[in-house]
Each structure stands twice: as structure tokens, then as C-alpha cells.
Amino acid sequence: MAEDQRNARIFGVLFIITFITSIAALAFFQSVLDDPAGYIAGGGKDTQIYLGAFLEFLLILANVGTAVVLYPIVRRQNELLAIGYVAARVMECVFIAAGIIFVLGVVTLRQDSPDAADLAVSLAALKDWTFLFGPGLVVPFGNGLILGYLMYRSGLVPRRMAWLGLIGGPLLLIGNFGVLFDWWDQTGAVNILVVPEFLWELSLGIYAAVWGFKRDAPILSAGGTNP
């Protein structure tokens, strides 16, 4: 029980780190993503982009860490879904890592080929695609449906909280499918579909970091499978 609660708090802290690093990295990358051609033609702030890349590297470590520390606990509930959660986190990180390389490619163009505006725009567009497929399409399955279901069935967190994941995952998936098939833009009213998933992940991270998992959860107290 004590080891499980320690892992629960580590899980929560890592989840909070994913929030901090992902939001901060996006802010640092914004100058490249908004105007890549202008970035390589002007006086781009390379150090700021390097810092964003480092934060996204930390995001990758934290993402994988959440799955690694949670797996020994939730495998008692459903081993296949527990492995699925690990796989989803790894898949998400592959897209994030590719996005880092594309952004750093724009920095390299600014230093070596400041006239290659079209290539810079293409690299920034590729970064956007990695965001859509990683955090946009993998996360709704991993953090939303799989993790939400595991938390709901196991009783590790309040079940009303877990419903945020079970609802938020599909809503986020619908929103990003619409962007993928050009039904709507990734701005405007469609952003409201992100809110339940955002609240789910934030509340889960805070709950686990502060309180750990619910001590009356059967997979903690009995070490067995919750029927």
C-alpha cells in the first residue's frame, strides 16, 4: 500500500509536469509556428526555441514516466489496457519528438539558409501535423478513454472525476477529426471540446500528487482485480 501511494504521488507530479512543460514549450515555439518565414529572415530568438525543445524533451520523459509508474498498479485491474496506456504514451512521445526536430530544423535554416522561406513554412506545417496526431489524436484514446476507464473501474480516484476522461476523450477526438478532415479550423468555438479533457488531466494530476490514490480502492487494499 505504501509503495502504491508513493507511485501515485509520483504519477501525479509527473502529470503536472506534462502540463507545465507542454504549455511553456508551445509559448516558446509560437514565433516559429506563427511566422516561420519571418523567423528565418529576421532576428529569430534561437535560445528561446532551444529552451522550448528542452521543455518538450522533459515532456517526453514525464509522459513515459506517468505510464511506467502507473503500470504496476493498473495492471491488476486490466493488464491489456495497462499495456495499452503505456503504448499510447510512447506513441504520443514519438510524434512530440518528431515535432521537436522540425522546429529545430527551422532554427538551422535561419542560421544556414535564411532565404529558404518555403522550406521553413513546410517544417512548421509538419510540426503542426505532429501535434494533431500526437496530442490531438493519440491522447484522447490514451489519457481519455483508456486511462479514464482504468481509473473509473479501479476506483483509484473519485468516479465522477473519471467521467471527465470518458467524456473528454471522445469530444477531443471529434474535435481533432474535424480538423484533420478540414470540417473546421482548430480555433474558435471548437476549442470548447478540449475543456473536459483538460480538466480531467489537470484534476487527475493534482488529486494524485496531493492525496495519492483512494485507499479503499480494491486493487490497492487487496492487491487483486476489481470485479
Side-chain angles (χ1 to χ4, degrees), residues 9-70 85-143 172 175-176 179-180 185-187 191 194 197-198 201-202 204-206 208-209:
R9 288 182 169 84
I10 294 173
F11 168 81
V13 170
L14 289 173
F15 229 106
I16 293 171
I17 290 174
T18 66
F19 263 82
I20 296 171
T21 54
S22 61
I23 294 172
L26 180 60
F28 285 131
F29 286 159
Q30 211 60 52
S31 59
V32 166
L33 301 180
D34 287 345
D35 185 14
Y39 182 88
I40 69 167
K45 299 178 180 179
D46 294 349
T47 301
Q48 177 177 307
I49 305 304
Y50 293 146
L51 181 56
F54 177 69
L55 289 173
E56 286 217 326
F57 176 71
L58 295 181
L59 170 61
I60 290 173
L61 296 180
N63 273 346
V64 175
T66 59
V68 170
V69 299
L70 186 64
Y85 179 62
V86 175
R89 276 310 216 184
V90 172
M91 287 179 60
E92 178 191 352
C93 289
V94 169
F95 285 108
I96 293 172
I100 294 173
I101 301 303
F102 292 139
V103 172
L104 292 178
V106 177
V107 176
T108 300
L109 286 178
R110 194 193 75 79
Q111 296 172 347
D112 299 338
S113 303
D115 297 326
D118 290 343
L119 183 53
V121 171
S122 297
L123 289 174
L126 288 171
K127 165 62 177 176
D128 288 338
W129 281 113
T130 62
F131 184 84
L132 178 62
F133 275 86
L137 296 178
V138 176
V139 164
F141 284 105
N143 288 352
L172 183 59
N176 287 313
V179 174
L180 176 63
D185 293 329
Q186 204 168 18
T187 57
N191 282 330
V194 178
E197 180 70 21
F198 179 88
E201 295 186 22
L202 181 61
L204 176 62
I206 294 173

If you draw a 6.0 Å radius around CZ in Phe54, do more than 12 non-hydrogen atoms from other residues or ligands fall strictly inside?
-> no
In this structure, CD of Gln30 is separated from CD1 of Ile49 (nearest 0.5 Å) by 9.5 Å
Find the distance between CD1 (Ile206) and CZ (Phe15) and round it off to the nearest 0.5 Å.
-> 11.5 Å
Starting at CD1 of Ile16, measure out to OG1 of Thr21 and round the result to the nearest 0.5 Å.
-> 11.5 Å
Hey, what do you get for CG (Leu55) to CG (Leu59), rounding to the nearest 0.5 Å?
-> 9.0 Å
Taking C-beta and beyond as the side chain, do Leu33 and Phe29 meet within less than 4.5 Å on heavy atoms?
-> yes
Within the distance-only criterion (no hydrogens, no angle test), does the side chain of Ser22 pair as donor or acceptor with the backbone N or O of Thr18 below 3.5 angstrom?
-> yes
Taking the side chain as every heavy atom from C-beta outward, state whether Met91 and Val138 have any atom pair closer than 4.5 Å.
-> yes
Could you walk me through whether Thr130 and Leu126 pass the side-chain contact (heavy atoms from CB on, under 4.5 Å) check?
-> CA-CA 6 Å; Thr130 62; Leu126 288 171; 5.6 Å; no
Roughly how far, to the nearest 0.5 Å, is OG1 of Thr108 from CG of Leu104?
-> 6.5 Å
Distance flag, aromatic centroids of Phe19 and Phe198, threshold under 6.0 Å = yes
Are Asp46 and Gln111 linked by a side-chain donor-acceptor pair shorter than 3.5 Å?
-> yes
Between Ala117 and Ala37 the two heavy atoms that sit nearest each other are CB-CB, 3.8 Å
Taking atom CG of Asp118 as the centre, does the number of heavy atoms from other residues, nucleotides or ligands within less than 6.0 Å exceed 12?
-> no
Any donor-acceptor pair under 3.5 Å from Asn143 side chain to Val139 backbone = no
